[in-house]
2 protein chains.
Amino acid sequence: MECIQEIISCAQIHFFAKEEMIVQEGQSPEKIFYIQQGSARAFYLKDGRDITDWFAFEKEFIVPISNFFLDQPSLHYIQSQEESLILSLSKADVKRLAENYREFDRLEKEVITRTMLSLQRRIVSMQFENARQKYENLLAERPDITQRIPLTHIASYLGITLETLSRIRKPGK
Amino acid sequence: MECIQEIISCAQIHFFAKEEMIVQEGQSPEKIFYIQQGSARAFYLKDGRDITDWFAFEKEFIVPISNFFLDQPSLHYIQSQEESLILSLSKADVKRLAENYREFDRLEKEVITRTMLSLQRRIVSMQFENARQKYENLLAERPDITQRIPLTHIASYLGITLETLSRIRKPGK
DNA sequence: AAGCTCATTTGATGTATGTCAAATTCACTT
DNA sequence: AAGTGAATTTGACATACATCAAATGAGCTT
């Protein structure tokens with residue numbers, strides 16, 4: 001891709017320790033993050049409870065969605081889950097790159113499309129499946145998730161409680 | 001927009017009666033539909049039960065998602081809900097227009113982005129809200145939906161049963 | 001207006017999952 | 001290796017919602 005040089009020149013790379021906060025609620029970083037190594041999650045607070053919305057692992061993106069796409073202060077926190085190497089690109093740079101390089105613009109569209117499809121699959125999974133089925137769907141997509149993310153966050157991502165998840169995981173039905 | 005003439009020349013317009021089937025499961029229309037007037041819904045069958053996934057009203061798009069974006073036969077049915085005027089554009093035309101007109105490409109990206117954001121909001125609503133809250137969220141977005149769509153479909157869209165929805169709607173808490 | 005069909009409501013009961021509290025296990029630190 | 005705090009499991013109980021069945025109501029057709 002012809003614009004790689006330019007991407008590299010405006011991307012920033014950061015190292016994050018385990019469970020370090022990358023974006024706080026109310027901030028406006030206007031950045032998209034790319035997980036080079038490690039993992040991160042986006043979460044929000046509902047009545048004081050921490051609810052995970054999104055996980056990102058190697059080669060995936062994560063973004064404070066309302067801030068990046070709607071120019072509002074972030075409703076989400078973003079937090080690393082393991083020691084991670086993360087690239088960031090500002091919204092202004094993304095915009096400029098997309099205007100100057102057709103290739104980059106296509107890539108961005110592709111990433112957004114895939115994200116949309118993955119949200120769509122998640123809705124189907126949440127709409128009428130029970131806790132066990134939802135958990136098994138997640139495991140099918142990410143078999144290693146239980147080794148990398150604490151169960152509390154997996155539970156809230158699935159829309160169930162920690163206790164229910166624990167019982168589901170119990171061997172023997 | 002400079003490409004309007006060309007869009008018009010390749011778009012097709014159809015009239016659909018109430019509850020007419022626009023796309024059947026297993027078909028590969030590879031088309032995106034734009035609701036000029038009326039409304040439509042996308043649904044799938046889970047264990048024989050009809051589950052609505054998506055509603056579209058005037059000036060909105062609806063698409064057999066797995067077919068259009070993933071080139072698989074459609075997992076969804078799409079059905080008009082009222083007498084409707086609906087434009088369709090083939091995937092090939094969309095692709096060509098996006099390649100030839102930067103403006104059209106931007107528009108497409110914008111539509112996909114908005115769809116992604118709306119799915120995201122829906123997940124938040126399904127993740128930890130109870131039946132009443134989910135229903136009220138929907139009403140806030142689409143106050144007229146109960147006049148236009150039967151309650152069964154609203155219920156399945158919300159991931160609750162028809163009976164629960166009916167009880168929620170009962171006046172006096 | 002009567003009759004039919006389909007949509008919605010109401011009622012009785014069952015169940016998956018939530019809540020709260022306590023016990024246990026795990027992972028670090030010293 | 002022991003000690004400490006956090007993560008996970010287990011238990012007892014509560015509840016929102018599902019299910020099944022029947023009653024009512026609304027919109028067409030004749």
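Computed over heavy atoms, backbone and side chain alike; hydrogens, waters and symmetry mates excluded. Values in this document were obtained by computation on a predicted structure and should not be read as measured data. In what follows, every chain begins at residue 1, and chains take the letters A, B, ... in the order their sequences are listed.
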B:Glu163 side chain: which of D:dA16, D:dT19, C:dC28 is closest? D:dT19
Is there a side-chain contact between B:Lys170 and the phosphate of C:dT9, meaning an N or O under 4.0 Å from OP1 or OP2? no
Choosing from C:dC28, C:dT8, D:dT19, which nucleotide comes nearest the side chain of B:Pro150? C:dT8
Nucleotide of C:dT9, C:dA12, C:dT17 approaching B:Leu162 most closely (side-chain heavy atoms): C:dT9
Starting the side chain at C-beta, find the nucleotide from D:dT9, C:dT8, C:dT19 nearest to A:Leu151. D:dT9
Charged tip of B:Arg142 within 45° of B:Phe57 ring normal and under 6.0 Å: yes
Selected nucleotide, minimal atom distance to A:Thr164 side chain, candidates D:dT19, C:dT17, D:dT9: C:dT17
Would you mind telling me which of C:dT9, C:dG11, C:dT19 lies closest to the side-chain atoms of B:Arg169? C:dT9
DNA chain D nearest-nucleotide lookup for B:Glu129 and A:Leu165: closer to the 5′ end is A:Leu165
Sidechain N-carboxylate O distance under 4.0 Å for A:Asp93, A:Lys91: no
Do B:Arg96 and B:Glu99 meet the salt-bridge criterion of a basic N to acidic O distance under 4.0 Å? no
Is it the case that A:Glu20 and A:Ser80 place a side-chain donor and acceptor less than 3.5 Å from each other? no
Looking only at C:dG11, D:dA16, D:dT10, the nucleotide nearest the B:Asn130 side chain is D:dA16
Under-4.0 Å side-chain N/O to phosphate OP1/OP2 contact, B:Thr161 with D:dA18: yes
Which nucleotide, C:dG18, C:dA12, D:dT8, lies nearest any side-chain atom of A:Ile160? C:dG18
